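Structure, as structure tokens:
Here is the naming used below: chain letters follow the sequence lines, and residue numbers restart at 1 for every chain. Note that this is a predicted model, so its numbers are computed, not measured.
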Number of protein chains: 2
Amino acid sequence: MTPARTSTGTAPTRGRRPGRSTGDDREVAILATAERLLGQRPFGEISIDDLARGAGISRPTFYFYFPAKDAVLLTLLDRVTEEADAAAGDALVRLAEDPRARWRELIARFHATFGGHRDVVLACAQVRGTNAEVRRLWAEVLERWVRAVEAAIEGERARGAAPDGLPARDLAIALNSMNERVWYATFAGDGPAVAERDVVDVLLDVWLTAIYRTTTPPVSPSA
Amino acid sequence: MTPARTSTGTAPTRGRRPGRSTGDDREVAILATAERLLGQRPFGEISIDDLARGAGISRPTFYFYFPAKDAVLLTLLDRVTEEADAAAGDALVRLAEDPRARWRELIARFHATFGGHRDVVLACAQVRGTNAEVRRLWAEVLERWVRAVEAAIEGERARGAAPDGLPARDLAIALNSMNERVWYATFAGDGPAVAERDVVDVLLDVWLTAIYRTTTPPVSPSA
DNA sequence: ACGCCAGTCAACACCCTGTCGAGTCGAATC
DNA sequence: GATTCGACTCGACAGGGTGTTGACTGGCGT
């Protein structure tokens with residue numbers, strides 16, 4: 001796994017150099033403590049001391065493993081986005097054979113991944129406003145997904161299944177943004193939100209109408 | 001205007017009782033300082049001391065006017081949402097006469113209002129994660145807008161202009177959520193974002209296709 | 001037997017928040 | 001014109017969180 005000490009960027013000096021192994025358990029203990037505590041109270045109310053004590057070490061020792069509290073969350077986020085990438089992976093291959101099913105699969109898999117780590121996702125959404133590292137990582141990940149969707153839309157237009165219209169990139173951004181915000185509201189449960197069991201179908205409907213102008217996109221004549 | 005001392009909720013005792021006027025300038029000075037500083041650095045990096053000194057008072061005196069730093073932002077947000085409400089106001093009346101123009105007007109007016117106060121909007125989005133008051137106020141406002149859009153969609157379905165489909169409320173939530181997130185990205189300028197001059201048209205396109213399945217909704221036969 | 005280094009923590013310096021109590025001052029009131 | 005009252009002000013404190021320093025430990029290679 002990627003080392004956690006990424007936040008300051010300038011100095012990867014701090015922390016355990018590869019070769020030894022004693023400290024690994026402490027690192028995972030911190031991570032586990034963070035994920036557990038995130039289920040109980042918001043990130044802002046968890047102190048470094050809480051994390052350290054939860055992992056059986058003192059506060060200064062925490063800094064041996066992570067440069068700051070946010071870096072823990074960043075590592076957690078990294079895991080989740082990797083899992084989401086893996087889950088999404090091949091959802092859009094052979095799109096032409098059954099577009100509706102493929103798009104639904106994409107959305108459903110993201111939903112499952114995020115829903116399975118909602119505490120982490122929610123916490124990241126919260127600190128994204130104040131932490132540049134989290135913001136950057138999330139922007140990177142989103143950019144990948146936007147590009148994948150953009151390419152898929154262009155593919156559908158090329159085979160004549162989807163009409164021309166908005167630039168594919170803008171459409172991809174808008175749809176991905178919608179998903180992000182709708183999931184946030186659904187998982188956080190504050191403000192107007194779509195019920196969790198409906199959210200995939202609601203999002204799917206908007207995606208299909210925005211891309212194809214119909215909820216039953218045509219399959220490819222061949223195949 | 002509404003007094004700012006709303007955060008604790010239990011005790012409106014604190015602060016200047018109506019009748020005198022000396023303190024009003026201080027209050028507006030704090031607000032003005034906050035909005036000015038927000039244009040320079042994020043809310044989290046502005047201390048109460050900064051606000052107080054900017055308004056020409058000491059830190060303890062700040063607490064005479066506002067119960068906490070967040071309350072200042074809350075007051076600022078209140079202004080912006082009121083302005084947005086006023087701007088949006090009658091955009092959806094006579095929808096049937098020219099649906100595309102009316103929807104566009106709604107979106108464009110919100111865009112103009114938020115864009116005119118982007119520093120405040122951005123700051124609120126950031127603290128929403130950590131501040132329950134801001135979260136509640138935003139949820140309330142959003143709920144009003146969702147209801148208005150929901151009613152408009154149902155109206156369009158009733159007159160046969162829009163096909164049935166998703167529950168109108170879910171659709172309204174999804175579309176409003178999309179706007180919120182897309183605007184945030186556009187104004188913040190981090191991560192994948194739609195260019196500011198295109199954003200109204202991009203959002204409009206998704207709204208129209210999601211509601212009508214066409215970008216040129218039919219006008220009412222009468223009128 | 002010795003040095004090195006990952007790992008550990010008590011203690012410190014700092015910053016920010018929120019509160020308390022002692023004030024100042026102008027405008028009614030007597 | 002003295003007195004009272006309440007709006008308004010701030011110095012000083014207590015508390016809690018962060019990040020750093022410097023000293024200490026113990027195993028492992030030489």
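- With ring centers used as reference points, B/F187 lies 6.0 Å or more from B/H117.
- Side-chain N or O atoms of B/K69 include one that pairs as donor or acceptor with a backbone N or O of B/I46 at under 3.5 Å.
- One interatomic measurement links the two molecules: CZ of B/F64 to P of C/dC20, which rounds to 16 Å at whole-angstrom precision.
- Put simply, the side chain of B/R128 never gets that close to the backbone of B/R135: no donor and acceptor are under 3.5 Å apart.
- Note on B/T61: every side-chain N or O is 4.0 Å or more away from OP1 and OP2 of D/dT9.
- In this structure, CZ of B/F66 is placed 17 Å from C1' of D/dT9, rounded to the nearest angstrom.
- The phosphate of D/dT21 has neither OP1 nor OP2 within less than 4.0 Å of any side-chain N or O from A/Y63.
- Per the geometry, CG belonging to B/D70 stands 16 Å off P belonging to C/dC16, to the nearest Å.
- The ring-ring contact (aromatic ring centres under 6.0 Å, His included) search around B/F110 returns B/F114, B/W145, not counting sequence neighbours.
- Remark: P of C/dA6 and CG of A/D25 are 16 Å apart, rounded to the nearest angstrom.
- Rounded to whole Å, atom C1' of C/dG18 lies 15 Å from atom CD1 of B/I57.
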Pull out every protein N or O sitting under 3.5 Å from an N or O of nucleotides 14-17 of chain D, one pair per line with the distance.
none

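- For the pair B/T61 (side chain) and B/I57 (backbone), a donor-acceptor distance under 3.5 Å is absent.
- The nucleotide whose nearest atom lies closest to any side-chain atom of A/Y65 is, among D/dC8, C/dT8, D/dC10, C/dT8.
- In this structure, A/F62 places its CZ atom 17 Å from P of C/dA10, rounding to the nearest Å.
- Of the N and O atoms on the side chains of A/D78 and A/T75, not one donor lies less than 3.5 Å from an acceptor on the other residue.
- Under 4.0 angstrom from either OP1 or OP2 of D/dA7 there lies no side-chain N or O belonging to B/R26.
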